[in-house]
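Quick notes on the structure that follows.
Counting convention: from 1, in listed order, for ligands and their atoms alike. We number each residue from 1, following the sequence as shown.
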Amino acid sequence: MEKNNLKLAVQKKGRLSEKSLNLLRSCGIDIENYAERLLVTTKNFNLDLLFLRDDDIPEYVQDGVADIGIVGENVIYEKEKDVEVVKKLGFGKCKLMMAFPEGKTLDAVDEINGKIIATSYPKILGNFLNENNVKADIIQLSGSVEIAPSLGIADLICDIVSTGNTLKMNKLKKSFPIFNSEAVLIKSKKLSDDVVKSNILDELCSRIDSALTAKKSKYLMMNIPKNNLKTILEIIPSLKSPTVLPLADDNLVAIHAVIPNDTFWDINTLLKENGASGILLLPIDNMIV
Ligand code: PRP
Ligand code: ZN
């Protein structure tokens, strides 16, 4: 561990762990084998990684033990620690939802009245109940909330749902959501006193921005009949002016363009109708705009 390295807290084991590390990798940061280690120094960036329980991350960052952290908004709002949210990271999207055992129903909020709800999110749930003038008992559990109904200690649960697999495995069904969450980058308020670390954070943030922008775009390449150039340029929703290149065959030109991720299938048929061939769509690692 280097004294002047920026310390980043990430979830040790859970929904966000692998995706957090992948984001760092897409920023060009080498993370060596970290199995079972709580602290890892990255090789080519002034960054140390601390692997923690996600619930503990806001407090570590508040106290400055970690300078920054990657954690779900669900944990930030529940823990109410004094940290600054730097940016949303576009992954780890999930909902905090009410869920109930198969064979029962839960359609409206007022049906919760008088029920016992197990959750790891007593503050977010408590606020929701107050806002809706509902009275229910909250049982706080720090994990394995989903088994509470089958143990007979709760009627309902309020927990994070992402794919829905955990609910399904425990014979529970989701009802309405009470909070939407995604992964965010947080920073300690103590960090602004440290110029060296603040500069490392600025560099990290600009790499994250370029990785996130790249993820939203694809690189499109194709050959087209020269005569259709004007029509095809109008079809392509290019983020910048496309590149047009000559080919050995005088009747054809090649076009390269960066397009928004989700637009390709809308224009694919039109491109082919206008004579485009050899269409290639490639991922982009990084993009500096
Ligand atoms: C949440 C929740 C479930 C899981 C649901 O845990 O407690 O275990 O995600 O995901 P699924 O719908 O894809 O099955 P999370 O990783 O947020 O943290 P935790 O382990 O600290 O509860
Ligand atoms: Zn947790």
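Between Asp159 and ligand 1, at least one pair of N/O atoms sits closer than 3.5 Å. Where the criterion is an N or O separation shorter than 3.5 Å, residue side chain and backbone included, Glu146 fails it with respect to ligand 1.
With Asn113 contributing its side chain and Lys135 its backbone, the two residues share a donor-acceptor pair below 3.5 Å. A donor-acceptor distance shorter than 3.5 angstrom exists from the side chain of Glu78 to the backbone of Ile124, with no hydrogens or angles considered. The backbone N or O of Asn274 sits less than 3.5 Å from a side-chain atom of Asn228, completing a donor-acceptor pair. At least one donor-acceptor pair under 3.5 Å links the side chain of Asn170 to the backbone N or O of Thr166. With Gln62 contributing its side chain and Lys81 its backbone, the two residues share no donor-acceptor pair below 3.5 Å.
Note that atom 20 (O) of ligand 1 has no protein non-hydrogen atoms nearby, at separations under 4.0 angstrom.
Distances shorter than 2.8 Å separate the Zn ion (ligand 2) from the protein N/O/S atoms Asp54 OD1, Asp55 OD1.
Of all protein heavy atoms, the one closest to atom 6 (O) of ligand 1 is Arg15 NE, 4.1 Å. Given atom 14 (O) of ligand 1, the protein heavy atom at minimum distance is Thr166 OG1, 2.5 Å.
Which parts of ligand 1 touch Ser162 is read off a 4.0 Å heavy-atom cut-off, strictly below it: atoms 10 (O), 11 (P), 12 (O), 13 (O). Set against the non-hydrogen atoms of Gln11, the atoms of ligand 1 under 4.0 Å away are 16 (O), 18 (O). Of all the atoms in ligand 1, the ones that sit under 4.0 Å from a non-hydrogen atom of Asp54 are 18 (O), 21 (O). When each atom of ligand 1 is checked for a heavy atom of Asp55 under 4.0 Å away, the hits are 21 (O). Ligand 1 places these atoms under 4.0 Å from at least one heavy atom of Gly164: 11 (P), 12 (O), 13 (O). Here is the list of ligand 1 atoms found below 4.0 Å of a heavy atom in Thr163: 11 (P), 12 (O), 13 (O), 14 (O).
The pair Arg15-Asp54 does not meet the salt-bridge criterion, since no charged nitrogen lies less than 4.0 angstrom from a carboxylate oxygen. Looking at Lys168 and Glu146, no side-chain N of the basic residue comes within less than 4.0 Å of a carboxylate O on the acidic one, giving no salt bridge.
In summary, the side chains of Ser210 and Asn286 do present a donor paired with an acceptor at a separation below 3.5 Å, with no hydrogens or angles considered.
You'll find the side chain of Lys226 reaches within 4.5 Å of the side chain of Asp250, heavy atoms only. With contacts defined as side-chain heavy-atom distances shorter than 4.5 Å, the pair Ile70/Leu185 qualifies. Residues Ile153 and Ile116 have side chains not in contact (no heavy-atom distance under 4.5 Å, counting atoms from C-beta outward).
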